[in-house]
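Structure, as structure tokens:
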Amino acid sequence: MSVETGDQGRHQEVGHKSLLQSDALYQYILETSVYPREPEAMKELRELTAKHPWNIMTSSADEGQFLNMLLKLINAKNTMEIGVYTGYSLLATALALPEDGKILAMDINRDNYELGLPIIEKAGVAHKIDFKEGPALPVLDQMIEDAKYHGTFDFIFVDADKDNYINYHKRLIDLVKVGGVIGYDNTLWNGSVVAPPDAPMRKYVRYYRDFVLELNKALAADPRIEICMLPVGDGITLCRRLS
Ligand code: SAM
Ligand code: CA
């Protein structure tokens with residue numbers, strides 16, 4: 001039975017909020033379930049990345065654990081990652097895939113990838129990775145032109161230039177398998193998706209915010225996919241291709 005009163009569709013205050021009402025609760029998740037089970041290589045890469053000046057870009061440990069679990073649940077074998085940075089989500093992916101699994105990984109910056117690479121090599125999973133340096137869009141366009149790539153990816157993780165997500169989606173929807181999953185990262189964009197337009201925001205947060213808002217609307221309206229927006233990390237929207 002619905003308990004909604006008037007304000008149709010709004011969540012109820014009591015018992016219906018996100019459980020993450022405090023930093024302490026998030027810390028509890030990390031300390032109870034994430035850090036004790038984090039593979040040694042991922043811990044090492046996380047600690048190395050923490051010393052890097054752009055460390056704000058890395059995926060969190062709980063998001064790494066989530067990706068690793070998701071990939072195993074869907075038996076992913078052929079995957080793609082757009083936006084690698086030092087490789088934390090890439091390593092979570094590589095560790096989840098079978099020995100003959102593949103990741104096409106793209107980033108405009110090879111140096112950051114190479115910072116983490118020795119740790120990925122030591123973990124024995126570097127052979128699964130095909131790293132391409134450069135903007136992802138032209139690579140996707142090339143693949144789109146070749147029918148052999150259509151419907152071939154089990155999982156695609158998009159974590160790069162937010163102003164291109166819609167452009168990526170137009171291509172990725174053909175490259176992912178029917179029943180396969182695309183994960184768009186940072187879809188809650190630092191909480192700014194619900195901030196009033198005049199709220200104080202860092203310049204880059206403000207700049208990309210409109211693109212994230214547009215993406216979220218476009219994904220919700222796309223009949224080719226089922227979606228699920230999860231409040232993990234900075235928000236991740238999973239899209240399962242229907243047809
Ligand atoms: N997935 C990474 C992780 O978990 O640590 C974080 C990726 S970081 C948020 C975004 C990355 O996207 C940066 O390393 C940046 O160089 C890359 N990037 C930006 N524009 C890009 C483009 N057009 N094509 C490919 N990569 C791009
Ligand atoms: Ca991200």
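Indexing begins at 1, ligand by ligand and atom by atom, following the structure's order.
Residues R46 and T58 are not in side-chain contact: their nearest non-hydrogen atoms beyond the backbone lie 4.5 Å or more apart. Inter-residue side-chain proximity for M201 and N190 is flagged as unmet; no heavy-atom pair is nearer than 4.5 Å. Here the side chains of W189 and L213 are not in contact, with every heavy-atom distance at 4.5 Å or above. Residues W54 and N109 are in side-chain contact: their nearest non-hydrogen atoms beyond the backbone lie under 4.5 Å apart.
Set against the non-hydrogen atoms of G83, the atoms of ligand 1 under 4.0 Å away are 1 (N), 2 (C), 7 (C), 11 (C), 12 (O). Which parts of ligand 1 touch A136 is read off a 4.0 Å heavy-atom cut-off, strictly below it: atoms 24 (N), 25 (C). For ligand 1, the atoms lying closer than 4.0 Å to a non-hydrogen atom of G134 are 24 (N), 25 (C).
At under 3.5 Å, a nitrogen or oxygen of S59, whether backbone or side chain, sits near a nitrogen or oxygen of ligand 1. Here's the thing with D159: one of its N/O atoms is less than 3.5 angstrom from an N/O atom of ligand 1. The distance criterion of under 3.5 Å between nitrogen or oxygen atoms is not met by P135 with respect to ligand 1.
Heavy atoms of E81 found under 4.0 angstrom from ligand 1 belong exclusively to the side chain. Counting heavy atoms under 4.0 Å from ligand 1, residue Y168 touches it through the side chain alone.
Looking from atom 21 (C) of ligand 1 to the surrounding protein, the closest heavy atom is D161 OD1, 3.6 Å. The protein atom (non-hydrogen) at minimum distance from atom 19 (C) of ligand 1 is I108 CD1, 3.7 Å. Closest protein heavy atom to atom 14 (O) of ligand 1: D107 OD2, 2.7 Å. Ranking protein heavy atoms by distance to atom 9 (C) of ligand 1, first place goes to M57 O, 3.2 Å. When hydrogens are left out, the protein atom nearest atom 2 (C) of ligand 1 is V84 O, 3.3 Å; that is the closest non-hydrogen contact. Nearest non-hydrogen protein atom to atom 3 (C) of ligand 1 is S89 OG, 3.4 Å.
Using a cut-off of 3.0 Å, one finds that D185 contributes an N/O/S atom close to the Ca ion (ligand 2).
Looking at T86 and T49, their side chains do bring a donor and an acceptor atom within 3.5 Å of each other. With hydrogens and angles left out, the side-chain atoms of N68 and K72 include a donor and acceptor closer than 3.5 Å. Side-chain N/O atoms of Y168 and D161 include a donor and acceptor closer than 3.5 Å. A side-chain donor-acceptor contact under 3.5 Å links S60 and D62.
N186 contributes OD1 and D159 contributes OD1; the angle these two atoms make at the Ca ion (ligand 2) is 80°, rounded to 10°.
Taking a 4.0 Å cut-off on heavy atoms, A92 fails to register as neighbouring ligand 1. Using a 4.0 Å heavy-atom cutoff, T86 is absent from the residues neighbouring ligand 1.
When hydrophobic clusters are built by joining Ile, Leu, Val, Met, Phe, Trp and Tyr residues whose side-chain heavy atoms come closer than 4.5 Å, directly or via intermediates, I144 is grouped together with M106. In terms of hydrophobic clustering, with Ile, Leu, Val, Met, Phe, Trp and Tyr side chains grouped at heavy-atom distances under 4.5 Å, V125 and M42 are assigned to a common cluster. Criterion: ILVMFWY side-chain heavy atoms under 4.5 Å apart, direct or through other members. Under it, F155 and M80 are not part of a common hydrophobic cluster.
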